[in-house]
Amino acid sequence: MSAPAPSPLAIVEVDPAHTPERQGEVLTDAALTFVAELHRRFTPRRDELLARRAERRAEIARTSTLDFLPETAAVRADDSWKVAEAPAALNDRRVEITGPTDRKMTINALNSGARVWLADFEDASAPTWENVVSGQLNLIDAYERRIDFTDAASGKSYALKPAEELATVVMRPRGWHLEERHLQFEGRPVPGALVDFGLYFFHNARRLLDLGKGPYFYLPKTESYLEARLWNEIFVFAQDYVGIPQGTVRATVLIETITAAYEMEEILYELRDHASGLNAGRWDYLFSIVKNFRDGGAKFVLPDRNAVTMTAPFMRAYTELLVRTCHKRGAHAIGGMAAFIPNRRDPEANERALAKVRNDKDREAGDGFDGSWVAHPDLVPVARASFDAVLGDRPNQKDRLREDVSVSAADLIAIDSLDAKPTYQGLIDAVQVGTRYIEAWLRGLGAVAIFGLMEDAATAEISRSQIWQWVDAGVVFENGEKATADLVRTVAAEQLAAIRAEIGEDAFTSGKWQQAHDLLLRVALDADYAEFLTLPAYEMLV
């Protein structure tokens, strides 16, 4: 067989210090040729759908409402269709752990006892070139069982458990809005989603089938059924390209935008030969509400983010509709994140936090979810106990149809059903968390422990969006202070000074603290609301 022709993709040079040593194992000519073909065929439609997002946002700004789509009523009314039957490796998903694809996390997540690991190239991963390529290498090495890790600080070694004890990987590529500047076609960056999906699928689709599993994906930031249709077209092409059976791919869609909440059935329908389920997020969902209804007036102003729990009426409507929709169509309904990081040094605080996690997972299992997310291995047994109590030996509860649920279009955006209001402490918290997360992200860390919680990019998005919304709405806090740009700048300066005092001058100057402070103020205060903070932040990454 002749060697593959050189790929038409150009690899933009990066600092050798940030170039993975084994980069060539991932960026083979054959793999890059596949990514180039994905780009040629599907990026033009991606561009059209991004433009459609902007048009829809403008319509929401004009009307301050959303409704189920009249043009797809027939899909919702047709009770005959179902999604494809789940493969054995994805039939029991009672606990899923999430996290980036660095080497240590790859081993710990696979060994965690969770049924599924969401291997994240999206919100829990800052897309440095090193992270993008090394993450692919780590997954290949894990499937080949040639991965190990020794912590330089502790000397502790990590290695994989037997294959039958490992979690099933569901990989999450970047969202449609992000580019990968290090891979270009005729001078234009390739969408990050196609880079992440393409490299992973090309190298691992057959390898996974040999392991009795398959190429499984989480699809982030989806805003419409047309975006799901595009992914389905990509799956069909990709399976033919590498010569594996149609339907091998399985996709779980994160319903983490308010527009997608009105199109859940249509999204499953478009992906029905490849669909596995839907997931109910929280921070990105709230971020999407602020982004889309930021012109809607006082009734759309959210309180402090921690005051918006999954028991809020509009969040209950969203999650219960998701469970009913999934089970009506034979799909898995996956619940939200438990982000708590156990602290063994403070048993009392630890137990209080674990009690909240148990209550949250008990509620999800009781509502009919088939599984849920955790961010730390110590939470796996806590979440598993909640679902074991409801499921027993059954792999899921898709037979629980939740026909008692009835959700109207208005229920999903009844933000003013909450009694809670924004607080001054909420402003401080948003500035603190936003600054600390962005600083870590700019250093290449996407999953960051902040105040006892594992935070990702969605945390920073909701934090800066709430600041923007409160200032725009002229919110008056309980202490009489009005949310203004000047107040935010004052709070941000105070918090930056407090961080400097906390960590010391050397750590402060060697970090990205001033850049993080400046970027937070930019995306929180600019009159022209940035669609995603990761877009300007990406320009600052190495």
Side-chain angles (χ1 to χ4, degrees), residues 66-69 72 75-76 79 81-83 86 90 93-94 96 98 116 118 170 172 218-225 227-228 250-272 275-289 308-338 360-373 383 386-387 390-391 396-415 458:
L66 275 170
D67 203 346
F68 300 106
L69 301 179
T72 55
V75 170
R76 298 192 300 274
D79 291 337
W81 65 269
K82 297 283 190 292
V83 303
L90 279 182
R93 304 177 61 173
R94 67 187 69 198
E96 304 192 353
T98 72
V116 165
L118 187 160
V170 180
R172 179 162 71 169
Y218 259 111
L219 304 181
K221 306 287 193 292
T222 300
E223 295 197 16
S224 74
Y225 74 96
E227 294 178 18
R250 285 293 189 275
T252 306
V253 180
L254 293 112
I255 302 299
E256 55 186 353
T257 67
I258 186 62
T259 52
Y262 288 84
E263 302 180 31
M264 288 192 250
E265 287 195 81
E266 294 92 329
I267 287 168
L268 286 176
Y269 180 79
E270 294 295 340
L271 287 160
R272 60 195 180 278
S276 178
L278 303 177
N279 168 269
R282 183 177 173 194
W283 299 140
D284 263 322
Y285 189 74
L286 295 176
F287 157 51
S288 174
I289 289 174
V308 188
T309 67
M310 298 304 263
T311 61
F314 69 97
M315 297 298 280
R316 288 285 293 164
Y318 150 61
T319 56
E320 292 198 312
L321 179 62
L322 187 145
V323 172
R324 174 168 181 162
T325 300
C326 285
H327 290 182
K328 176 182 178 183
R329 302 304 182 180
H332 283 73
I334 307 298
M337 170 72 81
D360 189 50
K361 300 311 172 189
D362 286 349
R363 175 190 52 76
E364 288 181 327
D367 282 349
F369 281 97
D370 303 293
S372 189
W373 284 5
S386 294
F387 282 89
V390 171
L391 296 177
N396 54 64
Q397 52 181 332
K398 289 192 286 188
D399 57 344
R400 191 174 168 204
L401 298 179
R402 290 306 310 271
E403 291 176 338
D404 56 305
V405 170
S406 178
V407 174
S408 71
D411 291 338
L412 291 170
I413 50 173
I415 313 303

Examine distances only and state if a side-chain atom of Thr259 and a backbone atom of Glu223 form a donor-acceptor pair shorter than 3.5 Å. yes
Separation of Ile334 CD1 from Asp370 CG (nearest 0.5 Å): 6.0 Å
Does the side chain of Leu90 come within less than 4.5 Å of Val116's, by heavy atoms? yes
Show, in sequence, the C-alpha distance, side-chain angles and deciding distance for Glu96 and Asn279, and conclude whether the side-chain contact (heavy atoms from CB on, under 4.5 Å) test is met. CA-CA 11 Å; Glu96 304 192 353; Asn279 168 269; 5.7 Å; no
Measure from the side-chain N and O atoms of Lys361 to the backbone N and O of Gly371, and report whether any donor-acceptor pair falls under 3.5 Å. no
Nearest heavy-atom contact between Arg250 and Ala275 is CD-O, 3.7 Å
Is any side-chain heavy atom of Leu286 closer than 4.5 Å to one of Phe314? yes
Nearest heavy-atom contact between Pro220 and Leu254 is CA-CD1, 3.6 Å
Arg400 side chain to His327 backbone, donor-acceptor under 3.5 Å: no
How long is the straight-line distance from CD1 of Ile413 back to CD1 of Ile258, given to the nearest 0.5 Å? 7.0 Å
Side chains of Ile267 and Ile255: closer than 4.5 Å at any heavy-atom pair? yes
Between Lys221 and Asp284, is the closest basic N to carboxylate O distance under 4.0 Å? yes
Between the NE2 atom in His332 and the CG atom in Asn396, the distance rounded to the nearest 0.5 Å is 4.0 Å
Compare all side-chain heavy atoms of Lys82 with those of Arg272 and state whether any distance is below 4.5 angstrom. no
How far does CE of Met337 sit from CG of Leu118, to the nearest 0.5 angstrom? 8.0 Å
Between Arg324 and Asp404, is the closest basic N to carboxylate O distance under 4.0 Å? no
Examine distances only and state if a side-chain atom of Trp81 and a backbone atom of Val75 form a donor-acceptor pair shorter than 3.5 Å. yes
For a quick check under 3.5 Å, do Arg93 and Thr252 share a side-chain donor-acceptor pair by atom type? yes
Of Glu263, Glu265, Glu266, which meets side chain to side chain donor-acceptor pair (under 3.5 Å) against Arg76? Glu266
What I'd like to find out is whether the side chain of Val323 reaches to under 4.5 Å of the side chain of Val405, using heavy atoms alone. no
How close do Glu320 and Asp367 get, heavy atom to heavy atom, and via which atoms? OE2-OD1, 4.3 Å
Which distance, rounded to the nearest 0.5 Å, do you find between the OH of Tyr218 and the CZ of Arg172? 9.0 Å
Could you tell me whether the side chain of Leu321 reaches within less than 4.5 Å of the side chain of Asp411, counting heavy atoms only? no
Approximate separation, where rounding is to 0.5 Å, of Glu270 CD and Glu227 CD: 11.5 Å
Taking all atoms of both residues into account, what is the closest heavy-atom pair of Val390 and Gly366, and its distance? CG2-N, 4.4 Å
What verdict does the side-chain contact (heavy atoms from CB on, under 4.5 Å) test give for Met315 and Tyr285, after you've listed the backbone C-alpha separation in whole Å, the side-chain angles of each residue and the deciding distance to 0.1 Å? CA-CA 9 Å; Met315 297 298 280; Tyr285 189 74; 3.7 Å; yes
Would you confirm whether Asp362, through its side chain, and Ser386, through its main-chain N or O, come within 3.5 Å as a donor-acceptor pair? no
Which atom pair, heavy atoms only, marks the closest approach of Val407 to Ala317? CG2-O, 3.5 Å
Is any side-chain heavy atom of Arg282 closer than 4.5 Å to one of Met310? yes
Please test Tyr318 against Ile289 for side-chain contact (heavy atoms from CB on, under 4.5 Å), starting from the C-alpha separation and ending with a verdict. CA-CA 12 Å; Tyr318 150 61; Ile289 289 174; over 6 Å; no
Please check if the number of heavy atoms outside Tyr262 that lie under 6.0 Å from its OH is greater than 12. yes
I'd like to check Leu412 versus Phe68 (side-chain heavy atoms, cut-off strictly below 4.5 Å). Are they in contact? yes
Using only atom types and a distance under 3.5 Å, with no angle test, would you say the side chain of Ser372 pairs donor to acceptor with the backbone of Gly336? yes
Might you point out which heavy atoms bring Leu322 and Ala333 nearest each other, and give the distance in Å? CD2-CB, 3.8 Å
